[in-house]
Structure formats: structure tokens, C-alpha cells
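Remarks on the structure that follows.
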Amino acid sequence: MCRVRLGNGRRLTRQKGTAMNFRSLVATDVWHDLVDRGHRRIYTCKSVLLSQGESPDCVIALVDGLVKVTQSNESGDELILMLRGPGEVLGEMGALLGRTRSATVTAVHRCTTSVLPAHAFRHFVERHHLERAIYELTVDRLNNHERLRADLLHLPPAGRLARVVSVLADEVGQPQGPTDLLVELGMARPELAMMASMSRSSALAALSALQSAGILTLGRRHLIIKDVARLKAVARGAQPPGGISHRDGAPTA
């Protein structure tokens, strides 16, 4: 388990391997205080909430919806970093540190948000003594991202897809019935392949193997995890029945 000490002295405890967002760090009244400080804004699908390289003049609290976080490298290639759902605060580190945006955030679905000026967010953080909690949340996410990239170097193809899907499920998965978990991908299959450091053809073969094994079912831009425990086992390196060979789908450069 992971424990984060909040500014008011209480600790937040979570199980290892589950996602933590800003909303999970604070009490309900603190979250409402944040939302009430901003002005309500709706972003339609594919609207850009924040752009990489722009000035950090505001912070956005995501009340409802789903967003995609991407980053462009020096070659101009767009890299998908993560999906984020309700309860997130977007652009907080730029506002706190006075640095330009490090990534672009785009609405996957219609999003309801509360937009605060950067100075108002800094006042909110100081009032509730959240500096340490936000710092530890950021470090936690950086460590998780580094572990994901390291895992993708040695896992077999189906394992790489399972690892990425597991991370996305932790971040934005929603219960679907008593046992299933719905994951809105917010991206096309080539983008999912890119997240898993695989070619499109290898990713499709790995997805097919996971579906044939009864671990998940595929939709156009979503999937349903039918067996979370088996998915996580494959994400640790177990090969699903009838899975593709380890030599297929070598990591892309």
C-alpha cells in the first residue's frame, strides 16, 4: 500500500497498483472549494484544453469527461502519455512552478470543467496546505511511468498490451456489471499500439490473442475487461492461451 501525508496531518491510503488522482487526495469540501473558485466551462470532443509550450496562466479541474494527455518530441511526433478522468486537476505543476506547459490535453468526450487563474489555484493550495500532497502525487506518477516504460522493454507482445490496458483501466476504468470493467480508450488502435511501443499489426495480433483468451472484448474505441486478474497476470509476463509468440511485435524505435 501507498500512504501520502496531507497538509492537515491525515494520511491517504491506497492499494498498490491503483490510480490516484487529485480528487482522491482531498476531502469533499476541499474539492468543492476548488471547483467553486473557478468558472464553469464545457469542452466539446477534440477540443484542446491545454497546449504544450503555452504559458501556465490557468488550472483546470475536470469535473466530468475524459481527456488525452500527449506530448510532442523534437521530431514533431506526438506521443500519448495517458488518459485522465473526472477528479483530475490539469496544468497544476506549470502553475505552481511557473513553467510552460509540458504536454497537450485534448477532450476525448464532452468535458465539464472549472477553470481557475493560476494565482487562484496557488492560493487554494496554500490555504489547504496541499503542496506536499501534489508533489508526492507528481512523483508517484513519474515513477509509475518509468516502471511502465521499463516493463515494455522485456514483456512479450500480449504482455505489453495487457500492461498498457491495465494502466488505463486503473486510471479511467468504470465498472460494467458485477465483474466487468469498461475502458474508454479515447484513441484509435494505432495510438494504443504506440503507447505499448509496438507496430500496429503486432498490437492488433496481441489484442486478438487477449480477446480469444476471454480476457477482454474489443469495441471501436473502447474495450471491456472480462477478467481483471488474468489481464494483470499477462501484464506480468504470463502468456495467454493461444497467444502470439514472444518473437513477434518487437518494440518499435
Side-chain angles (χ1 to χ4, degrees), residues 2 12 14-26 31 35 42-50 59-71 78-92 103-114 137-138 140-145 147-149 151-152 160-196 203 207 210-211 215-232 234-235:
C2 174
L12 175 75
R14 69 182 176 96
Q15 295 296 322
K16 182 178 180 181
T18 60
M20 182 190 294
N21 62 15
F22 183 87
R23 175 66 183 85
S24 70
L25 289 177
V26 300
W31 172 254
V35 173
I42 303 296
Y43 290 88
T44 58
C45 179
K46 298 185 180 179
S47 296
V48 175
L49 285 70
L50 303 172
V59 172
I60 300 176
L62 183 58
V63 178
D64 187 46
L66 184 69
V67 298
K68 177 171 61 176
V69 183
T70 60
Q71 192 174 69
E78 186 179 72
L79 309 175
I80 300 171
L81 301 181
M82 189 50 62
L83 298 176
R84 301 292 186 204
E88 281 298 348
V89 170
L90 308 168
E92 76 284 3
T104 295
V105 179
T106 306
V108 172
H109 301 307
R110 181 180 184 273
C111 293
T112 302
T113 70
S114 180
L137 175 61
T138 300
D140 182 64
R141 283 180 165 164
L142 287 173
N143 288 340
N144 287 343
H145 182 72
R147 283 196 295 270
L148 173 62
R149 304 321 301 178
D151 288 346
L152 295 180
R160 291 204 292 276
L161 251 299
R163 183 72 170 84
V164 168
V165 170
S166 292
V167 170
L168 295 178
D170 285 342
E171 290 289 343
V172 299
Q174 296 293 327
Q176 188 85 352
T179 59
D180 296 351
L181 199 62
L182 170 67
V183 180
E184 294 284 355
L185 293 175
M187 66 184 81
R189 301 290 167 77
E191 294 175 299
L192 184 62
M194 185 185 301
M195 279 197 74
L207 285 171
L210 293 172
Q211 180 166 250
I215 294 173
L216 53 79
T217 59
L218 305 174
R220 185 169 178 268
R221 284 181 175 260
H222 73 274
L223 55 84
I224 298 175
I225 301 172
K226 309 295 291 185
D227 192 328
V228 175
R230 290 180 68 201
L231 177 74
K232 292 187 178 296
V234 175

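In this text the structure is predicted, and so the values were computed from the model without any measurement.
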Would a 4.5 Å heavy-atom cut-off, applied to side chains only, mark [X] and [Y] as touching?
X: Met195; Y: Leu83; answer: no
X: Leu90; Y: Phe22; answer: no
X: Thr104; Y: Val48; answer: yes

Next item on the list: Identify, with sequence neighbours excluded, every residue that meets salt bridge (charged side-chain N to carboxylate O under 4.0 Å, His left out) alongside Glu92.
Entry: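 Residues passing salt bridge (charged side-chain N to carboxylate O under 4.0 Å, His left out) with Glu92: none at all.
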Note to self: Please enumerate all residues that pass salt bridge (charged side-chain N to carboxylate O under 4.0 Å, His left out) together with Asp227, with sequence neighbours excluded.
What the structure shows: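 Expected list: none.
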Of the non-hydrogen atoms in [X] and [Y], which two are nearest, and what is the gap between them?
X: Thr112; Y: Ile42; answer: OG1-CD1, 3.4 Å
X: Ala107; Y: Thr44; answer: CB-O, 3.4 Å
X: Val35; Y: Ser114; answer: O-OG, 2.6 Å
X: Ala162; Y: Val234; answer: CB-CG1, 3.7 Å
X: Arg84; Y: Leu66; answer: O-CD1, 3.4 Å
X: Pro86; Y: Gly65; answer: CD-O, 3.2 Å

Check: Can you tell which of Lys232, Arg141, Arg163 makes a salt bridge (charged side-chain N to carboxylate O under 4.0 Å, His left out) with Asp170?
Finding: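 That would be Lys232.
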Margin query: If the test is side chain to side chain contact (heavy atoms under 4.5 Å, CB included), which one of Asp180, Thr217, Val183, Leu168 qualifies with Ile225?
Written below: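 Single pass found, and it is Val183.
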Check: Which is it for Tyr43 and Val67 under the side chain to side chain contact (heavy atoms under 4.5 Å, CB included) test, yes or no, and what are the steps along the way?
Finding: CA-CA 10 Å; Tyr43 290 88; Val67 298; over 6 Å; no
Next item on the list: Would you sort out whether Val172 and Met82 count as a side chain to side chain contact (heavy atoms under 4.5 Å, CB included), showing the intermediate values?
Entry: CA-CA 10 Å; Val172 299; Met82 189 50 62; over 6 Å; no
Check: Can you check side chain to side chain contact (heavy atoms under 4.5 Å, CB included) on Leu50 and Val69, steps first, answer last?
Finding: CA-CA 9 Å; Leu50 303 172; Val69 183; over 6 Å; no
Next item on the list: Would you indicate whether Arg220, at its atom CZ, is surrounded by more than 12 heavy atoms from other residues, nucleotides or ligands within a distance under 6.0 Å?
Entry: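 Not more than 12 within 6.0 Å, no.
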Would you give the length of the straight line joining atom [atom1] of [X] to atom [atom2] of [Y], rounded to the nearest 0.5 angstrom?
X: Lys226; Y: Gln211; atom1: NZ; atom2: CD; result: 10.5 Å
X: Gln174; Y: Ile224; atom1: CD; atom2: CD1; result: 12.5 Å
X: Met187; Y: Arg221; atom1: CE; atom2: CZ; result: 9.5 Å
X: Glu171; Y: Ser166; atom1: CD; atom2: OG; result: 12.0 Å
X: Leu142; Y: Leu137; atom1: CG; atom2: CG; result: 9.5 Å
X: Leu210; Y: Arg230; atom1: CG; atom2: CZ; result: 9.5 Å

Note to self: Tell me whether Glu191 contacts the main-chain N or O of Ala188 through its side chain, where contact means a donor paired with an acceptor under 3.5 Å.
What the structure shows: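 Here the side-chain-to-backbone pair exists.
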Note to self: Restricting to side-chain hydrogen bond (donor to acceptor under 3.5 Å, both in side chains), what partner residues turn up for Glu184, sequence neighbours left out?
What the structure shows: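 Applying side-chain hydrogen bond (donor to acceptor under 3.5 Å, both in side chains) to Glu184 gives none.
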Next item on the list: Check step by step if side chain to side chain contact (heavy atoms under 4.5 Å, CB included) holds for Val167 and Asn144.
Entry: CA-CA 9 Å; Val167 170; Asn144 287 343; over 6 Å; no
